[in-house]
Each structure stands twice: as structure tokens, then as C-alpha cells.
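Chain letters run A, B, ... following the sequence lines, proteins first, then strands; residues in each count from 1.
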2 protein chains.
Amino acid sequence: MKRVSIKDVAREAGVSISTVSRVLNNSAPVSDDLKEKVENAIKKLDYMPSNIAKSLRKGKTGTIGFIIPDITNPFFANIVRGAEDYLRQRDYTLILCNSDQDEKQEVKLLETLISKHIDGLLFTGTGNFNPVLAEKIERGFNVVFLDRIIQGISASYVIVNNSKGMYELLDYLTVTGHKEFVFINGNKETFSAKIRYETFKKVMGEKKLKFTHFYTNFSYEAGYNFGKKMKKMPDAIVCGNDLIAYGVIDALEDRGFKIPEDVSVTGFDDIPFSKHYKPPLTTVRQPMYEMGMKAAELLVKIIEEKQINTEGIILEPQLVIRGSTRRG
Amino acid sequence: MKRVSIKDVAREAGVSISTVSRVLNNSAPVSDDLKEKVENAIKKLDYMPSNIAKSLRKGKTGTIGFIIPDITNPFFANIVRGAEDYLRQRDYTLILCNSDQDEKQEVKLLETLISKHIDGLLFTGTGNFNPVLAEKIERGFNVVFLDRIIQGISASYVIVNNSKGMYELLDYLTVTGHKEFVFINGNKETFSAKIRYETFKKVMGEKKLKFTHFYTNFSYEAGYNFGKKMKKMPDAIVCGNDLIAYGVIDALEDRGFKIPEDVSVTGFDDIPFSKHYKPPLTTVRQPMYEMGMKAAELLVKIIEEKQINTEGIILEPQLVIRGSTRRG
DNA sequence: CTGTTAGCGCGTTCAT
DNA sequence: ATGAACGCGCTAACAG
């Protein structure tokens with residue numbers, strides 16, 4: 001596809017390229033006469049400015065990178081949607097990358113994105129310290145951490161108050177008479193998994209409740225496998241996210257257990273399907289769309305205002321009580 | 001973030017920029033001595049070539065655009081994952097855009113993407129004729145249509161044999177004794193919705209079955225609303241996709257109907273949740289991940305081999321029989 | 001108001 | 001084997 005450039009337009013209109021540039025960007029007054037000529041030429045040639053030349057010139061691409069574990073997980077899909085909606089409206093464009101939580105992949109993607117001159121990065125990675133990323137941030141690379149913070153790196157972030165969510169969940173569960181717990185958590189390295197476990201353990205200790213805890217990973221299969229081989233039933237099974245809860249419920253039902261009569265099961269996230277699951281899932285809602293949107297908003301702010309001090313946004317979770325838990 | 005350029009490396013190494021370029025791309029022999037100097041300078045400065053300058057020079061960005069209705073729909077999320085996996089491996093990068101099936105938005109996104117010099121476009125839009133897109137294609141713009149073809153535009157595509165899927169579904173349904181049908185279809189403009197309806201109508205005619213048909217849109221809500229106000233129950237409710245089926249099932253169950261005892265319900269797509277839905281959904285599987293991957297593969301082939309003739313890939317659907325339909 | 005010109009970072013002749 | 005110089009398409013600074 002032969003591209004038509006500003007030069008072609010200038011020639012067609014019989015003016016200089018700077019004049020074309022001026023009418024294009026309204027960056028300086030141009031006589032009506034020439035302006036019209038230029039506009040006609042643009043239409044005639046179906047000219048479209050090259051953003052990449054513009055980027056080279058201005059040192060800004062209007063492109064944001066987003067590294068997430070897996071777009072196939074509705075939790076991330078909804079976050080991405082929130083981010084993209086905001087960015088689109090602000091005339092930014094989103095490069096999406098799936099990392100599968102692989103650290104090597106994360107680094108590689110980061111480098112690719114940087115060499116593509118992204119203006120900023122939305123990052124949801126493993127929680128492990130990433131020296132490459134840390135160094136870039138040190139040098140002024142714009143990053144907003146989303147849902148998952150990395151300890152030891154000082155940067156802006158948008159997260160949910162996981163601790164509070166867990167508190168409210170356990171509060172409800174204990175009030176409704178649950179006394180013995182199993183916590184099937186997600187990936188061990190993950191920031192949110194860690195926080196939730198900390199809070200969980202603390203509450204268990206305070207209320208002197210019996211519990212066991214396991215790290216697995218944030219997937220349906222992990223929950224299903226666990227549910228298949230569980231021996232003794234506790235009063236409640238707390239799951240690291242909704243997908244795990246789905247798996248546990250299905251496995252348990254396959255084995256003839258009734259949810260919530262035999263055991264209560266809870267999730268975390270409240271992805272759209274949880275409302276319609278059978279039984280509908282008691283879970284802690286994370287404002288996914290809003291997380292994505294806020295993070296994008298924060299990132300754009302950082303980019304455009306070049307503010308140096310980092311900012312953290314903590315969103316509120318919300319306990320959603322549905323049919324997968326006994327009411328006492 | 002001050003970027004370090006090839007010039008800085010050249011200065012640091014005490015050579016010319018062309019030499020640096022040569023060791024970078026291995027495009028011409030360089031003495032071991034200088035090569036080492038350059039490599040050291042690169043490491044020392046943490047130099048990373050600018051893809052955008054490279055793009056400007058070479059007229060190729062290594063970036064692919066993908067316009068879809070909504071990443072939040074698992075059907076698209078899985079397609080996108082397939083595409084991104086392939087592209088990442090081929091060193092392409094994916095710009096994701098949600099259009100919400102809005103034609104104005106589609107045009108705007110298209111223009112944005114073109115001005116960002118994408119090498120090619122994966123397109124899943126409304127099925128309506130789009131003059132802007134048609135014209136770009138005319139001029140040699142690389143596009144692969146995915147899941148949804150536009151009539152009147154000659155371009156490459158990857159679709160699923162919707163007709164066959166519908167045939168097999170109805171065949172199963174009639175064999176198991178269903179005689180009266182309601183088809184709650186998706187968006188009217190959509191290619192796949194049209195094809196499925198055509199086949200549906202044909203089969204109904206051939207087998208002299210009673211039926212009604214409605215276009216709604218491909219969402220849970222559409223199905224739910226429809227289910228809420230349905231009067232007379234047919235033997236089977238055929239839905240345009242799984243989400244619609246979920247909605248119908250939930251609405252009907254809310255009203256006290258039993259699925260499939262009172263009425264069979266089927267979906268289309270087989271998104272990952274359908275297997276675990278209660279009741280598990282009888283549906284027609286579309287190979288989503290594969291669709292995305294094949295389309296990306298085809299697009300890259302078109303880009304790199306500059307082949308002119310268009311190519312169409314038709315994937316096979318698969319009937320998946322589960323618990324939401326009566327067995328006769 | 002308008003045109004000329006100098007880069008943005010890179011790959012590629014063309015000399016040497 | 002190496003370097004100088006040009007140009008990809010564009011904006012901004014400068015000159016008129």
C-alpha cells in the first residue's frame with residue numbers, strides 16, 4: 001500500500017509542507033485560500049498523517065502497553081476493557097500482551113514494548129521483584145501497577161483493599177456459624193494471594209478457629225483437582241478467586257456433596273458469571289472495570305503531567321452474599 | 001526518560017553509526033575489534049534500538065490491529081488469545097480495540113490504526129458494508145476477517161462453518177423428538193447470525209416443523225429478558241450463542257420451569273463456562289483459540305509474502321451434547 | 001501569513 | 001572493512 005505523505009499533499013495543493021502541517025494541526029494561522037486548497041488536496045489524495053513519523057519527531061507515541069497474565073480470565077478481560085475504554089477516549093491505543101505469569105516472558109515483553117516507545121505501561125505481573133523493570137522505572141519509565149504490586153519497587157499502583165475484603169468475608173462467615181475453614185489460595189508469588197492469606201491467618205488466630213491453607217493457582221482446574229481429593233469437609237471453603245470456587249463446587253458436587261448444605265464455598269472477584277452460577281457464588285467483588293479505568297487514568301495523568309511523585313489508589317471491595325454459603 | 005540512541009553508542013564506541021548499525025543487524029562484516037567495542041558500548045549504555053525509527057525507515061511496524069466487539073465476551077477473549085500467542089511468537093505486537101459493534105467507532109478505530117501504520121488488521125465487526133474499509137483494502141491494506149465476513153468486500157477470512165453446526169444441532173434435536181422450536185438469535189447485522197438463521201429456516205421447512213425466530217443481541221441480558229416474557233413453551237429454544245442461552249435458562253428457572261424437562265435450551269460457541277453451567281449446556285463448539293491463531297497466521301503470511309490472492313479458511317464446528325437438552 | 005531548514009533514530013547507498 | 005550522507009514523514013524554530 002503506497003502511503004501518501006505530507007509532501008504529496010503539499011505538491012498537490014501547491015504549498016509548502018509546513019503550511020500543510022499548519023492546517024493539519026491548527027498550529028498557526030493560515031489564509032482561508034490556502035487552507036481550502038490544502039483541505040481539497042487532502043481529500044483528493046485521501047491523505048492520513050503518519051503517526052509514526054509524528055512519534056519520532058515528538059518522542060511520544062500515544063501507545064500504552066498492558067501486560068497481563070491471561071486475557072481469557074474474565075477478571076483480566078474486564079480490567080482491560082475498563083482501561084481500553086478510557087484510553088480510547090483519550091486517543092491512546094493499547095498494546096495487549098499475555099504473559100502467563102512467566103517472568104522471562106514478562107521481561108521480554110517489557111523490552112519489546114519499550115523498543116516500540118510506549119508512553120507508559122500497565123502492569124499486572126507476578127509479584128516477584130523484577131530488576132529490569134525496576135531499572136526502567138528508576139530511569140523514569142512510566143508504569144502503573146495494577147492489582148499486583150511488586151515489593152521493593154516504588155511506583156504508582158491501583159489495587160483493591162484485599163485485606164478488608166477478606167475481613168468482611170470472614171466476618172460474615174463466622175457470624176453465620178462457620179467454625180472450621182479451608183483456604184484454597186491462588187499463586188503463591190502473587191501479591192493479592194499473599195495479602196489475603198495474611199489477613200485470613202490473622203482472623204483465624206484472633207477468633208481461634210481451625211483452618212488449613214494451600215497455595216495453588218488461580219484456575220478452575222486447580223479448584224477442581226483440589227475438590228476431588230479433599231478428605232474431611234470443613235464448614236467453609238474459602239477460595240482465592242471465583243474460578244477456583246467453581247472448580248471446587250463442581251468437584252464436590254460430582255462427589256455427591258451439596259453446596260451449601262454440606263459445606264459453604266466462597267470466591268473472590270465476582271466475575272460476571274458468579275451471579276449466575278449454580279449455586280450463585282458468595283464472593284468478594286472487585287471493581288474490575290473501574291480498576292482498569294482508574295489505572296489508565298492515573299497513567300495518562302503521569303504521562304501528561306510528568307509528575308514525579310508516585311500515587312497509589314486503593315479501591316474498595318464489596319462482600320456479595322449469595323447462595324453458596326449457609327446462613328447459619 | 002532520556003532514550004539512548006545509536007549515535008550515543010557510536011560516540012561511546014568511537015565508531016560511526018553505520019558500524020553500530022552493522023553489528024546490530026549483522027548486515028555487513030565488521031572487524032572483531034570494532035564489533036567488541038560496539039557491543040560493550042551497547043551494554044554499558046543499556047541501548048535499545050528504536051523500533052519506531054526503524055519503522056519509519058523500513059515502512060513496517062511489526063504491529064497488528066485487532067478490532068473486536070468486546071473483549072469481555074469470552075468468545076472474543078479466547079480468539080484474541082489465540083491470535084496474540086501466534087503474533088508474539090512471530091515478533092508482532094497486537095493493538096486491541098473494542099468497537100461495541102458500533103460502525104462509527106469501527107471507522108474511527110480503523111483510521112487510528114492506519115495512521116499508526118499497522119502492518120495488518122484482524123477484523124471482527126458488524127457485517128455491514130464498510131466503504132472506508134473497502135477502499136483501504138482496495139488499495140492493498142492487509143486485512144483478515146475473523147468470524148464475520150462482510151459481503152461485497154473481497155478479502156481473506158477465517159470463519160466457522162456455521163451452517164454445518166446448525167444442521168448438526170437441529171438434526172440431533174429432531175432425532176431426540178423436539179418438534180417445535182424458538183430461535184433467539186443474536187444481532188441482526190451479524191454475518192454468523194444471518195447464516196445460522198438461513199440454515200435454521202431451511203431445516204424447519206424441510207422437516208415441516210413449527211418455529212418462530214427473533215433477532216436480539218449476543219448477550220446474557222437479551223436472553224434473560226426474552227426468557228422472562230416468553231409465553232408458550234416450545235420443545236426447544238435454540239440460542240444464538242451461549243450467553244443468550246444462559247440468560248434464557250436463568251429467566252425460565254426463575255419462573256419455575258425446569259431445564260431440560262420442560263424445555264430444551266441450546267447455545268452456540270461453547271465458551272469455557274458452558275461445560276460447567278447448571279445444567280451443562282448443549283451447544284455447538286467453535287474452535288475459538290484456533291480461529292484467532294489461524295487468522296493471525298494467515299495475516300502474517302499475507303504481510304510477509306505479499307501474496308495478492310485472498311484466501312478463506314473455514315473451520316469445523318462440533319456439536320457438544322450436554323444436559324440442557326432432553327434425550328427424547 | 002508563508003516557506004526553508006534542521007533534526008527525531010535508523011538503514012542504506014556510495015565512496016573510500 | 002569503515003564512514004559520510006541521504007531520506008523515511010513530520011514538527012518546530014527561524015527567516016522573511
Side-chain angles (χ1 to χ4, degrees), chain A residues 1-39 41-42 45-63 91 111-119, chain B residues 1-39 41-42 45-63 91 111-119:
Chain A
M1 187 171 65
K2 179 69 185 69
R3 295 193 65 103
V4 3
S5 85
I6 198 172
K7 237 189 226 166
D8 303 316
V9 177
R11 192 181 323 115
E12 175 73 27
V15 301
S16 75
I17 58 168
S18 20
T19 302
V20 178
S21 176
R22 281 174 193 125
V23 343
L24 241 33
N25 305 305
N26 239 303
S27 51
V30 173
S31 68
D32 290 351
D33 178 33
L34 290 194
K35 186 181 287 188
E36 204 188 316
K37 279 189 191 163
V38 169
E39 277 160 357
I42 288 176
L45 300 179
D46 192 27
Y47 167 71
M48 238 178 228
S50 158
N51 256 311
I52 101 127
K54 199 181 296 194
S55 301
L56 183 58
R57 183 64 237 263
K58 316 230 296 188
K60 190 168 179 303
T61 53
T63 301
D91 285 321
E111 289 175 343
T112 307
L113 290 173
I114 287 184
S115 69
K116 293 222 172 184
H117 288 236
I118 54 172
D119 292 336
Chain B
M1 188 171 65
K2 179 68 184 69
R3 294 194 65 103
V4 3
S5 83
I6 197 172
K7 235 189 230 165
D8 302 315
V9 177
R11 194 183 320 114
E12 175 73 27
V15 301
S16 73
I17 58 168
S18 10
T19 302
V20 178
S21 176
R22 281 174 192 125
V23 343
L24 242 33
N25 306 306
N26 239 304
S27 50
V30 173
S31 68
D32 290 350
D33 177 33
L34 290 195
K35 187 182 286 191
E36 203 187 317
K37 279 189 191 164
V38 169
E39 276 161 357
I42 288 177
L45 300 179
D46 192 27
Y47 167 71
M48 238 179 226
S50 159
N51 256 311
I52 101 125
K54 199 180 296 196
S55 300
L56 183 56
R57 182 67 234 267
K58 316 228 300 186
K60 189 167 179 304
T61 53
T63 300
D91 284 321
E111 289 175 344
T112 307
L113 290 173
I114 287 183
S115 68
K116 293 222 171 185
H117 288 237
I118 53 171
D119 293 336

Do any side-chain atoms of residues 21-29 of chain A form donor-acceptor pairs under 3.5 angstrom with protein atoms, and if so which ones, sequence neighbours left out?
residue	atom	partner	partner atom	Å
A:Ser21	OG	A:Asn25	ND2	3.4
A:Asn25	ND2	A:Ser21	O	3.0

Just how far, in rounded Å, is [atom2] of [N] from [atom1] of [X]?
X: A:Asn25; N: D:dC10; atom1: CG; atom2: C1'; result: 9 Å
X: B:His117; N: D:dC8; atom1: NE2; atom2: C1'; result: 10 Å
X: A:Ile6; N: D:dG7; atom1: CD1; atom2: P; result: 17 Å
X: B:Arg22; N: D:dA1; atom1: CZ; atom2: C1'; result: 8 Å
X: B:Lys116; N: D:dC10; atom1: NZ; atom2: P; result: 15 Å

Check: Which of residues 12-19 of chain B have a heavy atom under 4.0 Å from DNA chain C?
Finding: B:Ile17, B:Ser18

Next item on the list: Using a cut-off of strictly less than 4.0 Å between a heavy atom of the residue and any atom of DNA chain C, enumerate the qualifying residues of residues 51-62 of chain B by number.
Entry: B:Ala53, B:Lys54, B:Arg57

Margin query: A:Val30 vs A:Thr19, test: side chain to side chain contact (heavy atoms under 4.5 Å, CB included). Steps then yes/no.
Written below: CA-CA 7 Å; A:Val30 173; A:Thr19 302; 4.1 Å; yes

Of all residues at least two apart in sequence or in a different chain, which pass the salt bridge (charged side-chain N to carboxylate O under 4.0 Å, His left out) check with [X]?
X: B:Lys58; result: none
X: B:Arg11; result: B:Asp8
X: A:Lys60; result: A:Asp119

Residue list, side chain to side chain contact (heavy atoms under 4.5 Å, CB included) with [X], at least two apart or on another chain:
X: A:Asp33; value: A:Ser31, A:Lys37
X: B:Ile17; value: B:Ile6, B:Lys7, B:Ala10
X: A:Glu111; value: A:Val107, A:Val132, B:Met48
X: A:Ile52; value: A:Ser50, B:Ser55, B:Leu56, B:Thr61, B:His117

Notebook entry, point to check: What distance separates A:Thr112 OG1 from B:Asn51 CG, expressed to the nearest 0.5 Å?
Noted result: 8.0 Å

Note to self: Would you say A:Lys116 and A:Thr63 are linked by a side-chain donor-acceptor pair, where the criterion is simply a distance under 3.5 Å?
What the structure shows: no

Next item on the list: Estimate the overall bend of the helix from C:dC1-D:dG16 to C:dT16-D:dA1 from the end axes over five pairs each, rounded to 10 degrees.
Entry: 50°

Note to self: Minimum heavy-atom separation for B:Ser115 and A:Pro49, please, with both atom names.
What the structure shows: CB-O, 3.3 Å

Next item on the list: For A:Val4 and A:Tyr47, work out which heavy atoms get closest and say how close.
Entry: O-CD1, 3.2 Å

Notebook entry, point to check: How is B:Ser21 classified with respect to the nucleic acid when contacts are heavy atoms under 4.0 Å: base, sugar-phosphate, or nothing?
Noted result: base

Next item on the list: Using a heavy-atom cut-off of under 4.0 Å over every strand shown, decide if A:Leu24 touches base, sugar-phosphate, or nothing.
Entry: nothing

Note to self: Reading DNA chain C in the 5' to 3' direction, which nucleotide is the first one with an atom under 4.0 Å from a heavy atom of chain A, and which is the last?
What the structure shows: C:dC1 to C:dG9

Notebook entry, point to check: Considering only side-chain heavy atoms of B:Pro29, which listed nucleotide, D:dA1, D:dC10, D:dA13, is closest?
Noted result: D:dA1

